[in-house]
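A short worksheet on the structure shown next.
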Amino acid sequence: MSPEQTTGQDHDAAGDVFALAGVLVYAATGRAPFGHGQAADLLYRVRYTQADLSGVPVSLAPMLARCLAKDPRDRPTTAELAAHLHDGAGDFADHLPDELLADIGRRAADVWRLVPQRLPAPSAERDLSAVAAPLGRGPSRRAFLAAGGALVLTATVGGTAWWYQGHAAPAPKSKKAPRQTRNLDPLWHYGENIDLTMDGWGLTVPYHAYGSVVLPLNGRAKRFDPSTGRAQRDALVSGTWWQTAVRNGRLCSLDQDYSGQPQPHPQSTAIVTWEDSQRYEKPTSVRFADTNPNIQPNQILSVSDDIVYVALGSGKGPSGTGFEPSQIWTLRAADFRTGKTLWKESLPKRSATSTRLHFLAAKVVGGRLVTLQEVADRKVHVVVRDAAGGAVLWDKPCAVGDPDSLRSDIVSDGKYLYLGGAQLRALRLSDGAQVWTLEGDGDYSPPALKKGVLYAVRKGVGLTAVDAQRGQTLWAEATAEADQAYTGWQPVVGTSYAYYRNGMQLRAISLSGHGTALTYKTAAERFHMDARSGLILGVAPDRLSAYPLK
C-alpha cells in the first residue's frame, strides 16, 4: 500500500510503482521493505519511515529508493522504470520460465472462462490440457498471455477459441533470438567530461562539413567520422558555434580584419573560411566596418544563396564579452561574391544579464528573412524582413514559456510559418495573419514539417500529426506513457519514424503504425538531423551522441 493510500488519497500509476518496488525488495531480500507487525504499525511506517533497503543489489537500490519515495511526484514514471529495468532484448513474455508461463495460462483460463447458459460447460481436463500444452506445439509466448483476453471475445459471441478446443498452432520452423528494440545504445558518442554549453550562450550546434560531423567549440572545431564516431583532425576556426556557419560544405566564421589596419586592435569584423587541405583560415572578401570583432554575442544568423546575415556590435564590452548599454548593434547582409554590404538595420539594446543572443533562429524563405528575435529579456518576437533590403515586413510577439525552445529550426513551407507553444498555429508568411490554431490541454513543441504534415510533441500526449494547411489533427501517438514527453525541442522526422525525447529515452514512433517502434538511451536535450550522414545528433551539456535516422 502506498503512502497516499494510507491517507485516503487517489491511487494511480505512482502507487503501482511504489507497490512494485515493495515486491522487488521482498524478492531480492526476503524481507518486506517496512517490516512486519500489526496493521496500524505497518501503515505508520509506510507513511512516515524510510524503507529498509539493506541487502538490495547495488544496481537496484537507487532506483528502488526513488520508487519508494513518500511523495508520488518524486517517483519515476512507469516509462522511466521500464527503461531502467528492461535489458533491451525481446518482450516481457520472452523472459518468463515455461512453468510460470503455463501457470499464468491456467489462471487466465479460470478468470476469463465464461460459460454460455445454453451450452454445456467444457470439461476441466480438456481446458487444462489445452492451456498447459507444450510450448513447442502451442501458441507463441505473447499469444499465450493474450489467450485469456481472446476468451472474452469468443465467449461473448457464443464461440470458442481454437486453442480452447485443444488445437495446436503450427510449430515455428526455427526460434530466433528476439531483436532488441528497447533501451538501445547510441551508435557512438563523444564527451561526458566536456562542457558543450558554451559559456552560457546555449548548447553547441553540430554541423556537416568536409564529409565529417563537426562540433565547433571555442577556437577549435572537433571532427568525427559519421560512421564510427572516430575523432578526426581538428579544424582551428576563429568563431564558436553561433559565429560559425556552413557555406558550400566548408566552415566560415567571424574573425578580426587586419587587412589595412595598422592598429593592434582593429575595429572591423571579417568572415574567414577554413581551408581543410591547407590547414589554415582563408579570408573572404566580406568585411564589416565599425564593428568590434571581440564582442562575444556577435552572431552569424544564416547563409543563403551566397548572402550572409550577421548581427554585430560596436563599442566596448566587459573584456570584450557580453552585452553593454553603450554597445550599438546592427543587423547586416553581405554578398560573399562581391564582399559588398547590401544593407544595415539597427537592433535594440540588450541587458548585460541576458544569456541569449539577439536571434534564437533565422531562416531565409521565399525572399524573406524570418527571425525569432529576443527584443528584451524573455520577450521574443517573430520579425520578418525583406531579405533583399532589410525592411521589416511584419513583427508579432511570440509567447512561449521557455525562449530556449525556439532555438529549433524555423519551420515554413513558403506560404505559412508554423509555431508551437500553448497553441500550435500557422501564420501567413506574407503578413503574419493567423490562419489556424490548434489548442490542447498541454503545450506543443516547436513543430517539424514533412510532406504537408506537421509533427509536434504535445505535453501528456506525445507525438501528434496535423494537416499543415487545414490545422486538423490526423493522428496522435498510441501510448499511455507520454507523461515525460519533452516539448522543449522539435521532433526529428525521417522516412519511417519520427523521433523525440521522452524521459531519458529517444523514442522512435512509426509513421505508419503510430506506436513506439524503438527507444534509445539518451541524455541529450537538443536533436539535429544530419541527413547526409543518416544520423540524428543529440547534444547534451556534456556529450554528443549519434543515433540512426530511419
Side-chain angles (χ1 to χ4, degrees), residues 2 4 9-20 66-67 69 71-86 182-183 398-408 411 418-426 436-449 453-468 471-493 497-511 513-527 538:
S2 63
E4 55 268 29
Q9 301 177 48
D10 291 338
H11 175 87
D12 56 15
D16 292 336
V17 168
F18 186 96
L20 174 61
R66 288 183 57 201
C67 294
D71 190 336
R73 294 171 297 183
D74 294 335
R75 298 173 203 152
T77 64
T78 52
E80 185 179 354
L81 187 60
H84 182 84
L85 297 179
H86 199 281
R182 296 294 185 268
N183 222 26
C398 181
V400 292
D402 180 14
D404 285 333
S405 68
L406 299 176
R407 297 184 192 273
S408 298
V411 176
Y418 302 99
L419 300 170
Q423 303 170 330
L424 188 63
R425 53 186 175 142
W436 58 257
T437 180
L438 194 62
E439 298 186 8
D441 296 333
D443 290 344
Y444 290 91
S445 73
L449 178 66
V453 178
L454 280 181
Y455 298 91
V457 181
R458 182 176 165 189
K459 187 176 181 180
V461 175
L463 188 70
T464 302
V466 177
D467 185 297
Q472 296 179 351
T473 300
L474 301 176
W475 55 266
E477 179 186 350
T479 183
E481 298 179 341
D483 51 322
Q484 289 190 305
Y486 184 56
T487 59
W489 199 256
Q490 66 186 166
V492 174
V493 184
Y497 305 125
Y499 304 79
Y500 75 94
R501 173 174 170 163
N502 189 74
M504 298 301 292
Q505 293 183 330
L506 177 63
R507 182 178 286 186
I509 307 301
S510 170
L511 297 181
H514 310 159
T516 302
L518 304 165
T519 64
Y520 297 87
K521 302 173 186 175
T522 191
E525 300 175 7
R526 307 286 188 261
F527 297 92

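Throughout, numbering of the chain's residues begins at 1 and tracks the sequence.
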### Distance in Å, Trp489 CH2 paired with Asp402 CG, rounded so as to fall on 0.5 Å steps
10.5 Å

#### Entry: Salt-bridge criterion met for Arg66 and Glu80 (N-O under 4.0 Å)
yes

### Message
To the nearest 0.5 Å, what is the distance between CG on Asp12 and CD on Glu4?
### Response
6.5 Å

### Message
Any non-hydrogen side-chain atom of Tyr455 less than 4.5 Å from a side-chain atom of Thr464?
### Response
no

### Query
So which heavy atom on Leu463 is nearest to which on Ala498, and how close?
CD2-CB, 3.5 Å

### Query
So, does Thr479 use its side chain to make a donor-acceptor pair with the main chain of Glu481 at under 3.5 Å?
yes

### Message
Do Asp16 and His11 make a side-chain contact, defined as non-hydrogen atoms from C-beta onward lying under 4.5 Å apart?
### Response
yes

### Task
With the side chain counted from C-beta on, respond yes when Leu506 and Phe527 share a heavy-atom pair under 4.5 Å apart, and no when they do not.
yes

### Task
Check whether any side-chain heavy atom of Cys67 lies under 4.5 Å from a side-chain heavy atom of Leu81, and answer yes or no.
yes

### Query
Is it true that a side-chain atom of Thr519 and a backbone atom of Asn183 form a donor plus acceptor pair closer than 3.5 Å?
yes

### Task
Indicate whether the side chain of Thr77 and that of Gln484 have a donor and an acceptor atom separated by less than 3.5 Å.
yes

### Message
Please give me the minimum heavy-atom distance between Ser445 and Pro491, naming the atom from each residue.
### Response
OG-CD, 3.7 Å

### Query
Looking at CG of Leu424 and OG1 of Thr473, how far apart are the two atoms once the value is rounded to the nearest 0.5 Å?
8.0 Å

### Query
What's the shortest heavy-atom distance between Arg526 and Tyr486, and which atoms?
NH1-OH, 3.1 Å

## Note on the structure
OH of Tyr497 to OG of Ser510, rounded to nearest 0.5 Å, is 6.5 Å

#### Entry: Tyr499 to Ala508 - nearest heavy-atom pair and separation
CE2-CB, 3.6 Å

### Query
Is it true that the side chains of Glu477 and Tyr500 contain a donor and an acceptor less than 3.5 Å apart?
yes

### Query
Should the ring pair His514 and Trp475 be called parallel, tilted or perpendicular, given that the plane angle runs from 0 to 90° and is split at 30 and 60?
parallel

### Message
Any heavy-atom pair between the side chains of Val453 and Leu474 that's under 4.5 Å?
### Response
yes

### Message
Could you measure the distance from the CG atom of Leu438 to the CG atom of Asp467? Nearest 0.5 Å is fine.
### Response
11.0 Å

### Message
If we ignore hydrogens and angles and just use 3.5 Å, is the side chain of Arg501 paired with the main-chain N or O of Ala524 as donor and acceptor?
### Response
yes

### Inter-residue atom distance Thr516.OG1 - Ile509.CD1, 0.5 Å rounding
3.5 Å

### Message
With a 4.5 Å cut-off on side-chain heavy atoms, are Asp74 and Asp71 touching?
### Response
yes

#### Entry: Shortest non-hydrogen contact from Trp436 toward Ala468
NE1-O, 2.9 Å

### Query
Would you say the side chain of Cys398 lies within less than 4.5 Å of the side chain of Leu406, judging by non-hydrogen atoms?
yes

### Task
Give a yes or no on whether the backbone of Ala69 and the side-chain of Arg75 come within a donor-acceptor separation of less than 3.5 Å.
yes

### Task
Write down the atom of Gly462, the atom of Ala482, and the distance for their closest heavy-atom approach.
N-CB, 3.6 Å

### Message
Does any part of the side chain of Thr487, heavy atoms only, come nearer than 4.5 Å to the side chain of Ser405, both counted from C-beta?
### Response
no

